[in-house]
Each structure stands twice: as C-alpha cells, then as structure tokens.
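Single-structure report; data block below.
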Amino acid sequence: MAEVILYDCTLRDGEQCEGISLSLEDKLHIARRLDELGIDIIEGGFPASNPKDIAFFKAMRETPLRHGKIAAFGSTCKKGVAPEEDQGLADLLASGAPVVTIVGKTWDAQVTRALQTTLEENLRMIAESVRYLKDAGRTVVFDAEHYFDGMKANKDYAFACVKAASDAGADSIDLCDTNGGCLPHELDELVDQTVVAFPSQQFGIHCHNDTGCAVANALSAQAHGVVQIQGTVNGIGERVGNTDLLTVIADLQLKRNVPCVSDAQLASLTSVAQYVAEMCNISLSPHHPYVGSSAFAHKGGLHASAIARFPEAYEHTNPEWVGNETRMVVSELAGKASLIQKAAALGFDLEAQGVDVQGILDDIKYRESLGYTYEVADGSLALLIMRHLGHHEPAFKLESFRVIVDDREDTGAYAKDAMSEATIKLHVGTERFVATGEGAGPVGALDSALRLAISTAYPEIAAMELIDYKVRLLDESQGTDAITRVTITTADGFGSWGTVGVSENVIEASWNALVDSVEYGLCRKKARDHG
C-alpha cells in the first residue's frame with residue numbers, strides 16, 4: 001500500500017486556471033489517464049455547477065476505473081439551513097461519487113466577513129455537513145479553507161473547526177494554503193501543531209503556488225505527518241497555480257523512497273504531463289521539472305561531453321524513470337523504446353515486422369519540428385506508422401475544396417448568424433464525387449461536405465462524429481501569419497481518437513486533421529470487421 005494518498009484536482013481546481021476550458025470528452029479522457037497513472041482520488045468538479053459536470057459524473061458512474069475513485073466537490077451546508085435540506089449537499093450525493101469533498105471556512109475573519117455568519121454557526125455547518133455525508137455512506141474529505149491564515153489569526157478557532165470535522169467523522173481533513181502565501185518553515189510549524197493535537201485524524205495538504213513554494217510545502221507537510229496530497233497535473237490552477245502533483249510523485253518516489261505509483265506508472269509521467277497539456281490546449285514548459293523537453297537537455301561543450309562518461313554529473317536522476325530522455329540540443333538522441341511501446345499500444349509490432357524504427361522516429365521528429373504533436377493524436381500517429389509499414393492506402397484523393405463564409409446581416413460584433421458552405425471534389429477509386437455541405441463554421445461545413453462525398457463508398461462514416469476541435473497558434477508573435485495546429489477528436493460508438501493537422505492556414509490545418517480522422521475511423525472499422 002502506498003504511504004501517501006494521491007488526490008488530483010486537475011478537473012476542478014486546474015480547470016479554474018485562466019485560459020483553460022475542458023470539454024466533457026476532455027475530462028473523461030483525463031480521468032481515465034489519471035486512473036492509469038495510479039492516482040487514488042480524482043476530483044471531477046462541482047456536480048451542480050453546470051450541465052457538463054453533471055454529465056461527467058453520470059458518465060463516470062458507467063466507467064470502470066482500475067484504481068482511482070471519483071470525488072465530487074462542494075461546500076458545507078448554507079448558514080441557517082439543515083444539511084438534509086441543503087441543495088448543494090443533495091447534488092453531491094446525487095452525483096454518485098464515492099468520495100465527497102466539502103470546503104469550509106477555518107479563518108475567523110472569513111467566517112464573519114465572507115460568510116457573514118457567526119463562528120458558532122460555521123462550526124455547526126461543518127459538523128452537520130460532514131456527519132450527514134458520512135451517514136449517507138460516502139468517504140468524506142473536509143477541505144479546511146484558509147487554514148494557515150486561520151491558524152496565524154486565531155489558532156483556537158482553527159482547531160475548533162478541525163475538531164468539528166474530525167468528531168463528525170471526516171475521513172481526511174486537508175489543510176489548505178488557499179491564497180498560497182505560506183512558506184515552508186511556517187507551514188512546518190503549523191502542521192506539526194495540528195498533527196500533534198489530533199493524533200488519530202488523517203490529514204491532507206492542498207497548496208497554491210503564489211510564492212513558488214507549493215511543491216516544497218506539500219513535500220514538507222508529508223514529512224511532518226500529512227498523508228493525503230492534493231495537486232494538479234503540471235501545477236495548473238487559479239492565479240499562478242497549484243501543487244504540481246507529478247513533481248511531488250517523482251520527488252517522493254525518487255528522492256525519499258516513498259512509494260506512490262508503480263515503476264511503470266512512474267515512467268508514464270512525461271507522457272501524462274504532455275497529454276494533459278494538449279488537452280488543456282496549453283504549452284508544457286520545456287523547462288518543467290522531470291517532464292519538460294529540456295529537463296534533461298544538454299548543449300555542446302563540457303556538459304555534453306561529460307554526460308557520455310558520467311551522466312550523474314549533470315542529471316539528478318535517470319530520465320527514463322519518468323519517461324523522459326537525455327537530449328543533446330545539437331543532435332537529439334533517438335527514443336526507439338518509447339516508439340516501439342507506443343506502436344504496440346496501437347496494435348503494431350514494429351520489432352517483429354523488421355521495420356526501420358529509426359526512420360519512423362526521424363519522420364516524427366521532423367514533423368514535430370513543423371508543429372505536429374502526437375500526444376493526443378493517436379489516429380494520426382497510427383496512420384503515419386501504417387504508411388511506413390506500407391499498410392495504408394488512402395480511402396480517397398482530394399481534387400479540391402472551397403469554403404465560403406456568408407454573413408448576410410450586419411449585426412456587428414454580436415453577429416451569430418454567419419453560415420459556412422464547403423464544396424469538395426474528390427476521387428474514390430475511379431469515381432469522381434462532388435458535394436456541398438453547410439455548417440455554422442467552416443470546419444463543420446467541410447465535415448458535412450466530406451461525409452456527403454464519400455457516404456456512398458463508405459456508409460460507415462455515418463457512425464463517426466466529430467466531438468471536439470481545438471486550434472493552437474504555435475508562434476503567437478506572428479499573429480495571423482503564425483503556424484496553426486488543429487487537433488480533432490472523433491468518436492464512433494466503439495471509442496474515440498485524436499488527429500492533428502498543421503498549416504499556416506487554419507482551414508488547411510483543419511482539413512488535414514479531418515482527413516486523418518476519417519481515414520483512421522475507416523481503418524478501425526476494417527480492423528473490427530476482420531477480427
């Protein structure tokens with residue numbers, strides 16, 4: 001059994017990061033990836049805040065997880081309201097999540113100024129809410145909001161809040177550095193006092209990174225008796241972010257010999273970091289600890305020459321242990337093992353087929369230098385591998401396409417009535433097809449026209465649905481001339497897959513990703529038909 005409990009709040013606190021918005025499909029994919037990583041508790045969001053989160057919890061009830069448990073997040077009952085009459089608590093139970101996390105105030109000033117209630121009423125809200133959820137059979141986590149500020153201002157009241165939650169049966173009381181202002185030496189003392197005062201209670205830690213100390217604070221809290229560690233993938237979150245849970249996992253396992261996940265799961269750390277970054281449509285810093293592309297990169301000269309003879313001189317740990325690799329900036333080293341493993345997951349045994357693995361890897365790296373990424377584009381990667389294997393024959397050949405955007409009413413900046421029309425000319429075998437489709441946007445119109453053009457030859461396309469679409473400017477300083485990367489997620493009732501397209505023209509990039517989505521969908525159908 002792991003000596004720490006890993007609690008991920010990427011899907012709730014992480015999504016509150018400015019500029020990040022996850023679709024339902026994004027959240028479902030990330031939840032499954034976190035489960036594969038070995039995360040113990042995966043917080044899914046507010047079940048009553050929006051239809052997307054309600055749909056998420058409904059979908060997760062039907063999604064078996066290998067390891068993790070889903071948590072629903074909310075708050076204590078409202079002032080003056082009994083827990084059994086509180087709609088927020090009812091929504092938490094209705095979510096079906098086996099773990100329920102509720103946040104409550106522990107700083108006296110927050111109680112009187114933010115909640116505008118009495119200190120005694122706040123204690124009632126905490127105790128009765130926890131007891132009500134425990135009586136309903138849930139694992140209950142109490143997030144002690146502003147705990148360290150509360151301890152500094154009024155230790156007795158902060159302790160009273162902890163006691164109220166503990167006496168009511170909270171499974172874990174997670175101490176929150178809500179505004180991220182605590183430094184490690186302050187946090188150590190306050191955690192020590194709390195753990196000593198409540199020796200039979202399990203505690204957790206939830207830190208924000210406003211002073212740049214979130215990871216250090218989480219590690220320090222664990223060393224001082226905290227069991228449950230909350231954080232997000234890549235540290236995303238409000239303001240400057242949360243504890244980076246991936247860095248914590250690596251630090252605990254590789255530096256303190258504290259087991260968190262299996263060795264194989266640890267080796268997926270880099271791919272998980274990149275996967276979630278792409279899902280969030282943000283760039284993972286190349287200088288990110290452990291998982292960044294530059295985390296184990298070396299330029300020419302002293303470092304590069306020393307690495308060959310004595311890697312430990314400039315690498316604090318083996319990059320392979322976290323799924324990364326040593327990289328020479330002047331000549332990148334090949335990651336053949338990673339490619340072979342990824343190809344196997346997609347159904348290709350590269351070693352058995354005697355293919356030029358290095359050739360495929362070189363092609364991938366060249367394409368990545370142009371802006372492609374394959375972390376969330378398994379469909380495009382599979383097609384690339386199939387082309388190298390000589391196993392792929394395009395389903396159709398494009399002759400041309402044209403897209404027109406028509407806005408007939410002059411309604412200014414709030415116009416919502418623009419329509420797009422796309423005409424496609426293509427060849428399937430010896431037959432030529434011409435089709436015109438409409439959509440609210442140009443990509444929807446292209447998708448519609450493509451379906452019409454090839455539906456006779458490939459009726460199975462009717463089962464494919466475009467469910468997500470993301471656009472990313474790779475060099476924002478170039479403005480509208482920047483290289484654009486488009487990623488598309490498609491589903492067919494048997495699963496979903498991602499594809500990618502890159503171009504200076506967003507429509508062309510979208511078309512490339514769209515073609516890959518259809519080509520790979522047809523390949524999936526063929527594979528199912530042939531067992």
For Ile41 against Ala71, the heavy-atom pair lying closest together: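 Shortest heavy-atom contact: CG2-CB, 3.6 Å.
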Minimal non-hydrogen separation, Ser129 against Leu89, with atom names: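 Closest pair (atom of Ser129, atom of Leu89, distance): OG-CD1, 3.8 Å.
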Check against side chain to side chain donor-acceptor pair (under 3.5 Å), Asp149 and Asn179: CA-CA 9 Å; Asp149 296 297; Asn179 64 22; 3.2 Å; yes
Are any of the side-chain nitrogens in [X] or [Y] under 4.0 Å away from the carboxylate oxygens of its partner?
X: Glu278; Y: Lys470; answer: no
X: Arg131; Y: Asp167; answer: no
X: Asp53; Y: Lys27; answer: yes
X: Lys525; Y: Asp492; answer: no
X: Glu465; Y: Arg451; answer: no
X: Arg138; Y: Asp171; answer: no

Short side-chain to backbone donor-acceptor contact, [X] and [Y], under 3.5 Å:
X: Arg239; Y: Cys17; answer: no
X: Glu15; Y: Leu22; answer: yes
X: Asp468; Y: Ile488; answer: no

Please tabulate, for the side chains in residues 72-82, all donor-acceptor contacts under 3.5 angstrom to protein atoms that are two or more places apart in sequence or on a different chain.
unit_1, atom_1, unit_2, atom_2, d
Lys79, NZ, Leu115, O, 3.1
Lys79, NZ, Gln116, O, 3.0

Mutual orientation of the aromatic rings belonging to His206 and His208 [parallel < 30°, tilted 30-60°, perpendicular > 60°]: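 Tilted: the ring planes of His206 and His208 meet at 30° to 60°.
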Listed partners of Asp13 passing salt bridge (Lys or Arg N to Asp or Glu O under 4.0 Å), at least two apart: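 For Asp13, no residue satisfies salt bridge (Lys or Arg N to Asp or Glu O under 4.0 Å) once neighbours in sequence are set aside.
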Ring centre gap for His316 and Tyr290 strictly below 6.0 Å: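 So the answer is yes for these two rings.
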Arg528 NZ/CZ over Phe494 ring centroid, <6.0 Å and within 45° of normal: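 Verdict for Phe494: a cation-pi partner in Arg528.
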Residue pair Thr101 / Asp143, side-chain donor-acceptor N/O under 3.5 Å: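 No donor-acceptor contact under 3.5 Å links the two side chains.
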Residue pair [X] / [Y], side-chain heavy-atom distance below 4.5 Å:
X: Leu266; Y: Leu254; answer: yes
X: His224; Y: Val195; answer: no
X: Arg32; Y: Thr63; answer: yes
X: Cys260; Y: Leu6; answer: yes
X: Thr487; Y: Thr499; answer: no

Option among Val261, Val272, Leu245, Leu65 that satisfies the side-chain contact (heavy atoms from CB on, under 4.5 Å) test with Ile39: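 Only match with Ile39 under side-chain contact (heavy atoms from CB on, under 4.5 Å): Leu245.
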Intermediate values then yes/no, side-chain contact (heavy atoms from CB on, under 4.5 Å), Asp40 and Val4: CA-CA 9 Å; Asp40 300 296; Val4 297; 5.9 Å; no
Side chain to side chain donor-acceptor pair (under 3.5 Å) partners for Thr211, two or more places apart: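 Residues passing side chain to side chain donor-acceptor pair (under 3.5 Å) with Thr211: none at all.
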